*Asks:* 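Here it is, the structure, as structure tokens.
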Amino acid sequence: MTSDQLAIHTFTTKPWSIDECIENYARHGFGGISIWRETVEGEDLARVSRRLKDSGLKPVSYVRGGFFTGTTAEARRQAIDNNLRIIRDSETLGLPMIVLVCGATPGQSPRENLSQIQDSIAAILPAAENAGIRLAIEPLHPMYAGDRCAVATMADANDLCEALNHPLLGVAADVYHIWWDSKLEQEITRCAAADRLFAFHVCDFKADLEHPLLDRELPGQGLGTCARVNDLVKAAGFSGMTEVEIFSRRYWTENQHQFLEKIKAACAPLR
Ligand code: ZN
């Protein structure tokens, strides 16, 4: 895969400001960008949007909305309000899709969490429709199912999409979270056949994680899970930008220009 087919998540180069991300991704020849809310916190979003347009980078995703669950109706209403704000910000930034990390509240069963997630996505879909913004449910590895995301498999995400059945609602498939699933091929096929495979995130999963969130590997390293999942996703017909999402405290201590070049080289063998 060539670098113009890749979009970089700004959290991948966490040491950089949004302006450095935009300038340097374009300079290194990457095709697109997905912007994390943390990277633009306190920024004038209209200014960032203009800068993004001038860069020629393709705007891919705003990361991330969600965290819908809560033990009280008030908590869930606040989460919906927060997501409505995220939709407005995404529109201002000119980003056509929001990745949803859907939430999980300790003490609630997976079924309760999933039911609240479904109700809350239903509540924000009209605003997403007004803004013309797609919502991509991201299943997270089950190690996060207790407190971050009750959507733990592609099947969970596909079920939610089927229940809500809206053309702007789909799935973000992330190698880190889904590689282990023995039903992966059928669920990726199911997702793509329904035109719901909206996004694909790459990195590699490694054994002996030093941190459950911040120790991802370059594609082809770690357990070498990326190429197989990439093949499944591409065989299913996914033709969007492949998004690079590598959180790594180790790589963040390195020169970020060199890190981008390592990403380019690691992704080159992917088809
Ligand atoms: Zn992801």
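Values in this document were obtained by computation on a predicted structure and should not be read as measured data. Just follow the structure's listing: the first ligand is 1, and inside any ligand the first atom is 1.
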*Asks:* What's the atom name of the N, O or S in H201 nearest to the Zn ion (ligand 1)?
*Replies:* ND1
*Asks:* Taking atom CZ of R249 and atom CD of E210, what is their separation to the nearest 0.5 Å?
*Replies:* 8.0 Å
*Asks:* Would you check if the Zn ion (ligand 1) lies under 2.8 Å from any N, O or S atom of E243?
*Replies:* no
*Asks:* Is the closest basic N to carboxylate O distance between D81 and R76 below 4.0 Å?
*Replies:* no
*Asks:* Between the Zn ion (ligand 1) and E138, which N, O or S atom of the residue is the nearest one?
*Replies:* OE2
*Asks:* Considering all heavy atoms of both residues, which atom of Q256 and which atom of P15 are nearest to each other, and what is their separation?
*Replies:* OE1-CD, 3.6 Å
*Asks:* Which atom name does D174 have for its N/O/S atom nearest to the Zn ion (ligand 1)?
*Replies:* OD2
*Asks:* Between S3 and G29, what is the shortest heavy-atom contact and its length?
*Replies:* OG-O, 3.1 Å
*Asks:* Which atom name does E245 have for its N/O/S atom nearest to the Zn ion (ligand 1)?
*Replies:* OE1
*Asks:* Closer than 4.0 angstrom, basic N to acidic O: yes or no for E38 and K14?
*Replies:* no
